[in-house]
Amino acid sequence: MKNIAIIGASGYTGAQITQLINADANLDIQGIYVSEASLDKYKPLSELYPSYQDISLKLQPLTQQAKQHIIATADAVVLATDHAVSLALAAEFHAQKLAVFDLSGAYRFEDAAQYPKWYGFEHTQPQLLAQAVYGLAEWNKEQITQSSMVAVPGCYPTASLLALKPLTDLFAGSLPVINAVSGVTGAGRKAQLHTSFCEVSLTPYGVLGHRHQPEIATQLGHEVIFTPHLGNFKRGILATITVQLKADTTAEQIAKAFSVYDDEPLVHVKQNLFPKVDDVVHTTQCHIGWKYDANNHHIVIASAIDNLMKGAASQGLQCIKIHFGL
Ligand SMILES: NC(=O)C1=CN([C@@H]2O[C@H](COP(=O)(O)OP(=O)(O)OC[C@H]3O[C@@H](n4cnc5c(N)ncnc54)[C@H](OP(=O)(O)O)[C@@H]3O)[C@@H](O)[C@H]2O)C=CC1
Ligand SMILES: CC(=O)N[C@@H](CCC(=O)OP(=O)(O)O)C(=O)O
């Protein structure tokens, strides 16, 4: 049995992973935490999320005393916090020999020079960054087993990389084009004008400048054009991707490349059948559909996940279970 502390548990991903860990027979929850100044401190999680009636835990402020208690009693921490908050907390807990599973982007790039540009801060923890592994569960099991600092991938990168990684040997020269739509929970629980009810419609954002473009390109080993969109639904991501493949590529080769997922219980691939966001919402799964035009050698792939599940919390849980051999 492993004892897990969850920091940022009042947020969308933190509450989701609290629910998942609470339901897992091999894991205990050491405690659930918010910031010292949080308006939600001492509230039961079920007051914020009434559907979690079976969880009796209360949100605790992350005081120095609370940190000492976590260090003394937990095996691991989940950081469901903003990038800058995770940057510091990961180092504090990892230095005390706790495994860290960070849902933020603070440890996803190996190259510290990327952080000022994409995250707006200098990376202050180069030693820990060097130990961090990218928690794309289906692809990096060995690394996740070995490292106690796991950077759980972003939601768009998870949907995009699961669709594209099997095909890299078949890419022709041009850049894969990824158009992805996310539900509004992707932006977190805090109030912001652009995610308020009357503002949300369907629109691209972060065009040619979203931090997930370099995350996808780094992990794919190939540049991509990535355009995220905010959609007027709560949960889920659909990434529709177009790629030019080498001139002699056949549909059989593509099917063989995707067979890498045949033994993966959470990734389901179908030829000529495309997923809907509703197929995967509230599930741990990624559904991929593809169709190939052998005349012009273009493939269109659609990849659907729940941004809060496979895009964050359930992939975080996968990493915890892989790391601890559960
Ligand atoms: N939403 C999504 O679909 C995805 C999010 N992520 C990443 O996961 C992380 C969490 O995202 P999300 O759940 O959406 O965010 P939310 O804004 O919904 O939640 C953030 C949580 O962090 C808490 N918090 C803020 N400051 C501190 C602090 N100093 N110490 C402890 N707790 C703190 C907040 O509570 P309070 O402010 O009351 O203290 C809240 O519980 C982010 O880094 C995000 O980029 C990754 C993949 C997908
Ligand atoms: C709709 C929406 O706003 N989505 C978020 C992505 C959420 C995510 O994956 O988080 P990371 O920040 O941890 O990479 C965004 O575009 O910033």
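For clarity, every value in this text was computed on a predicted model and none was experimentally measured. Counting starts at 1 for both ligands and their atoms, following the listed order. For reference, positions follow the sequence shown, starting with 1.
Listed by atom number, the atoms of ligand 1 under 4.0 Å from Ala312 heavy atoms are 47 (C), 48 (C). The distance from ligand 1 to the heavy atoms of Ser104 drops below 4.0 Å at these ligand atoms: 43 (O). The atoms of ligand 2 that sit less than 4.0 Å from any heavy atom of Leu103 are 13 (O). Of all the atoms in ligand 2, the ones that sit under 4.0 Å from a non-hydrogen atom of Gly154 are 9 (O), 14 (O). Within ligand 2, the atoms closer than 4.0 Å to a non-hydrogen atom of His210 are 15 (C), 16 (O), 17 (O), numbered from 1 in the order shown. The distance from ligand 1 to the heavy atoms of Gly311 drops below 4.0 Å at these ligand atoms: 47 (C), 48 (C). Using a 4.0 Å cut-off to heavy atoms of Arg211, the atoms of ligand 2 that qualify are 6 (C), 10 (O), 11 (P), 12 (O), 14 (O), 15 (C), 17 (O). Against a heavy-atom cut-off of under 4.0 Å, Gly188 is close to the following atoms of ligand 1: 14 (O), 18 (O). Listed by number with element, the atoms of ligand 1 under 4.0 angstrom from any heavy atom of Ala80 are 9 (C), 10 (C), 20 (C), 21 (C), 22 (O). Close contacts of ligand 1 with Thr185, meaning ligand atoms under 4.0 Å from a residue heavy atom, involve 1 (N), 2 (C), 3 (O). Contact atoms of ligand 1 toward Ser38: 36 (P), 38 (O), 39 (O) (distance under 4.0 Å to a heavy atom of the residue). For ligand 2, the atoms closer than 4.0 angstrom to any heavy atom of Tyr205 are 1 (C), 2 (C), 3 (O), 4 (N), 15 (C), 16 (O). Close approach of ligand 2 to Arg108 is summarised as follows: ligand atoms under 4.0 Å from at least one heavy atom of the residue are 11 (P), 13 (O), 14 (O). The ligand atoms of ligand 2 that sit less than 4.0 angstrom from a heavy atom of His83 are 11 (P), 12 (O), 13 (O).
At a heavy-atom cutoff of 4.0 Å, ligand 1 is contacted by the side chain of Ile7 but not by its backbone. At a 4.0 Å heavy-atom cut-off, ligand 2 does not touch Gln192 at all. Under 4.0 angstrom from ligand 2, the non-hydrogen atoms of Ser182 all belong to its side chain. Contacts with ligand 1 closer than 4.0 Å are made by side-chain heavy atoms of Val85 only, the backbone lying farther away. Counting heavy atoms under 4.0 Å from ligand 2, residue Leu230 touches it through the side chain alone. Contacts with ligand 2 closer than 4.0 Å are made by no heavy atom of Glu215, backbone or side chain.
Of the possible polar contacts, none joining the Thr249 side chain to the Leu245 backbone as a donor-acceptor pair under 3.5 Å is found. At least one donor-acceptor pair closer than 3.5 Å links the side chain of Thr185 to the backbone N or O of Lys234. In this structure a side-chain-to-backbone donor-acceptor pair under 3.5 Å is missing from Asn140 to Gly135. In terms of modelled atom types and a separation under 3.5 Å, the side chain of Ser259 and the main chain of Asp262 share no donor-acceptor contact.
Remark: Lys67 does not engage Glu36 in a salt bridge, criterion side-chain N to carboxylate O under 4.0 Å. We find that Asp24 and Lys321 are joined by a salt bridge, their nearest charged nitrogen and carboxylate oxygen being less than 4.0 Å apart. Arg189 and Asp40 are joined by a salt bridge, as a carboxylate oxygen and a charged side-chain nitrogen come within less than 4.0 angstrom of each other.
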Are Gln19 and Ile55 close enough, and set up right, to give a side chain to side chain contact (heavy atoms under 4.5 Å, CB included), and what steps lead you there?
CA-CA 8 Å; Gln19 186 265 329; Ile55 303 176; 4.2 Å; yes
Could you walk me through whether Ser174 and Gln244 pass side-chain hydrogen bond (donor to acceptor under 3.5 Å, both in side chains), step by step?
CA-CA 6 Å; Ser174 60; Gln244 188 184 26; 3.0 Å; yes
Between Glu215 and Gln219, is a side-chain hydrogen bond (donor to acceptor under 3.5 Å, both in side chains) present by the stated rule, with each step listed?
CA-CA 6 Å; Glu215 184 178 329; Gln219 294 298 328; over 6 Å; no
Test side-chain hydrogen bond (donor to acceptor under 3.5 Å, both in side chains) applied to Thr73 and Gln30, step by step:
CA-CA 7 Å; Thr73 56; Gln30 185 275 346; 3.0 Å; yes
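Residue Tyr12 places a heavy atom less than 4.0 Å from ligand 1. Within the 4.0 Å heavy-atom cutoff, Val184 does not count among the residues contacting ligand 2.
Closest to atom 45 (O) of ligand 1 among all protein heavy atoms lies His83 CE1, 3.3 Å. Looking only at protein heavy atoms, the nearest one to atom 5 (C) of ligand 1 is Thr13 CG2, 3.6 Å. The protein atom (non-hydrogen) at minimum distance from atom 39 (O) of ligand 1 is Ser35 OG, 2.5 Å. Ser10 OG, 3.3 Å is the protein heavy atom nearest to atom 35 (O) of ligand 1. The protein non-hydrogen atom at the shortest distance from atom 9 (C) of ligand 1 is Thr81 O, 3.3 Å. Nearest protein heavy-atom neighbour of atom 19 (O) of ligand 1: Gly11 CA, 3.2 Å. For atom 23 (C) of ligand 1, the nearest protein heavy atom (residue, atom name, distance) is Gly8 CA, 3.7 Å. At the shortest separation from atom 17 (O) of ligand 1 among protein heavy atoms lies Arg189 N, 3.6 Å.
A centroid separation of less than 6.0 Å is found between the aromatic rings of His323 and Phe101. Checked against the 6.0 Å centroid threshold, Tyr205 and His210 count as a close aromatic pair. A distance below 6.0 Å separates the ring centres of Phe171 and His222.
Atom CG in Leu220 sits 9.0 Å away from atom OG in Ser160 (nearest 0.5 Å). How far CD1 of Ile216 is from CD1 of Ile241: 8.0 Å, rounded to the nearest 0.5 Å. Between Ser38 atom OG and Tyr33 atom OH the span is 14.0 Å, to the nearest 0.5 Å.
Considering backbone and side-chain N/O atoms, Arg211 never comes within less than 3.5 Å of an N/O atom of ligand 1. Looking at Tyr119 next to ligand 2, no N or O pair under 3.5 Å apart turns up. The N/O atoms of Tyr33, backbone and side chain alike, include none that comes under 3.5 Å of an N/O atom in ligand 1.
Note that atom 2 (C) of ligand 1 has protein non-hydrogen atoms nearby, at separations under 4.0 angstrom.
Nearest to atom 9 (O) of ligand 2 by heavy-atom distance, out of Cys155, Ala180, Ala312, Gly186, is Cys155. Of the candidates Leu308, Leu103, Leu79, it is Leu103 that places a heavy atom closest to atom 8 (O) of ligand 1.
Note on ring orientation: taking the six-membered ring where Trp is involved, the planes of His287 and His268 are perpendicular (angle over 60°, cut-offs 30° and 60°). By the 30° and 60° cut-offs, the orientation of the rings of Phe121 relative to Tyr115 is parallel. Ring planes of Tyr292 and His297: tilted class, angle from 30 to 60°.
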